[in-house]
Visitor: 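There's a structure below that I have some questions on.
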Amino acid sequence: LPWQHAQLFCRDDAERHREIRNRKATTSVDRLCRRHPPEIAMYLRYARSLRFEDCPDYMYIRNVLGDLFEAQGYEDDKIFDWTIVAHDLAKASDLDKGGEGNGRRELCATRASDRVSSDDVEV
């Protein structure tokens, strides 16, 4: 994200926060979403169009993102990133407490082999 390295150019936290706020306000949706499906830009434009007192149309958002989810070939397996992390940490803890294997080292090797390279993804 364009504002991630703002601290490199700032003298203090207040200046850093001003710089981040400025970068967020001036970064266009097109620039922010240039490597992502158009539905993500649609969602951000919709969110930015809402006024504070507006009630979001959650069904519209669910439909846009749900259609994208299906178009990308994903299946709703009810497994979320945070449950995978919790499961992996529990497994590593069990391994460290005398289970078979090398604990976190084995876990990291397994997880690294599961990773998908950007070369493997069709755009």
Side-chain angles (χ1 to χ4, degrees):
L1 297 171
W3 50 83
Q4 283 183 312
H5 301 290
Q7 71 273 12
L8 300 176
F9 311 108
C10 302
R11 291 173 293 214
D12 57 28
D13 281 346
E15 183 180 354
R16 179 174 159 264
H17 291 291
R18 280 191 301 276
E19 180 65 23
I20 290 170
R21 183 177 56 238
N22 181 48
R23 288 185 189 192
K24 285 182 176 183
T26 60
T27 301
S28 72
V29 170
D30 290 331
R31 179 167 184 244
L32 197 57
C33 298
R34 68 179 171 224
R35 294 186 179 122
H36 300 286
E39 291 85 353
I40 302 301
M42 287 172 49
Y43 165 72
L44 284 177
R45 283 192 190 93
Y46 175 74
R48 283 186 173 184
S49 75
L50 294 171
R51 297 178 314 238
F52 180 79
E53 62 277 355
D54 290 342
C55 181
D57 183 349
Y58 292 111
M59 191 55 65
Y60 166 75
I61 296 167
R62 285 182 58 115
N63 287 335
V64 167
L65 298 179
D67 291 347
L68 173 61
F69 185 82
E70 288 179 15
Q72 294 288 319
Y74 295 109
E75 294 181 23
D76 187 5
D77 58 9
K78 306 294 185 212
I79 299 174
F80 305 100
D81 289 349
W82 55 89
T83 47
I84 292 171
V85 170
H87 175 267
D88 288 351
L89 290 174
K91 180 180 175 184
S93 177
D94 288 345
L95 291 170
D96 284 344
K97 291 179 183 173
E100 294 180 18
N102 294 325
R104 284 182 174 71
R105 266 183 273 130
E106 180 180 285
L107 174 66
C108 292
T110 302
R111 299 304 294 161
S113 68
D114 291 342
R115 292 193 186 109
V116 176
S117 157
S118 59
D119 297 335
D120 299 332
V121 178
E122 283 186 35
V123 180

Visitor: Could you work out, with side-chain hydrogen bond (donor to acceptor under 3.5 Å, both in side chains) as the rule, every residue matching R62, not counting sequence neighbours?
Guide: none
Visitor: Looking at CD1 of I20 and CG of D13, how far apart are the two atoms once the value is rounded to the nearest 0.5 Å?
Guide: 9.0 Å
Visitor: A side-chain contact here means heavy atoms from C-beta on lying under 4.5 Å apart; do K78 and D76 qualify?
Guide: yes
Visitor: Closest approach of R48 and K24, non-hydrogen atoms and distance?
Guide: NH2-O, 3.6 Å
Visitor: What residues, two or more places apart in sequence or in another chain, satisfy salt bridge (Lys or Arg N to Asp or Glu O under 4.0 Å) together with R45?
Guide: D30
Visitor: Would you please test V29 and I40 for side chain to side chain contact (heavy atoms under 4.5 Å, CB included) and show each step?
Guide: CA-CA 9 Å; V29 170; I40 302 301; over 6 Å; no
Visitor: Ignoring hydrogens, what is the shortest heavy-atom contact between D57 and Y46? Give both atom names and the distance.
Guide: N-OH, 2.7 Å
Visitor: Do L65 and F69 belong together in a cluster built from hydrophobic side chains that touch within less than 4.5 Å?
Guide: no
Visitor: Report yes or no: does D54 contribute a side-chain atom to a donor-acceptor pair with the main-chain N or O of P56 at less than 3.5 Å?
Guide: no
Visitor: In Å, rounded to the nearest 0.5 Å, how long is the span from CZ of R16 to CG of D12?
Guide: 10.5 Å
Visitor: Is a side-chain donor or acceptor of N22 paired with a backbone partner of R18 at a separation under 3.5 angstrom?
Guide: no
Visitor: Does the E15 side chain pair with the main chain of R11, one donor and one acceptor, at a distance under 3.5 Å?
Guide: yes
Visitor: Is there a side chain to side chain contact (heavy atoms under 4.5 Å, CB included) between M42 and L44? Walk through the geometry before answering.
Guide: CA-CA 6 Å; M42 287 172 49; L44 284 177; over 6 Å; no
Visitor: For L32 and H36, which heavy atoms make the closest approach, and how far apart are they?
Guide: O-CD2, 3.9 Å
Visitor: Distance check, rounded to the nearest 0.5 Å: R31 atom CZ versus T26 atom OG1?
Guide: 8.5 Å
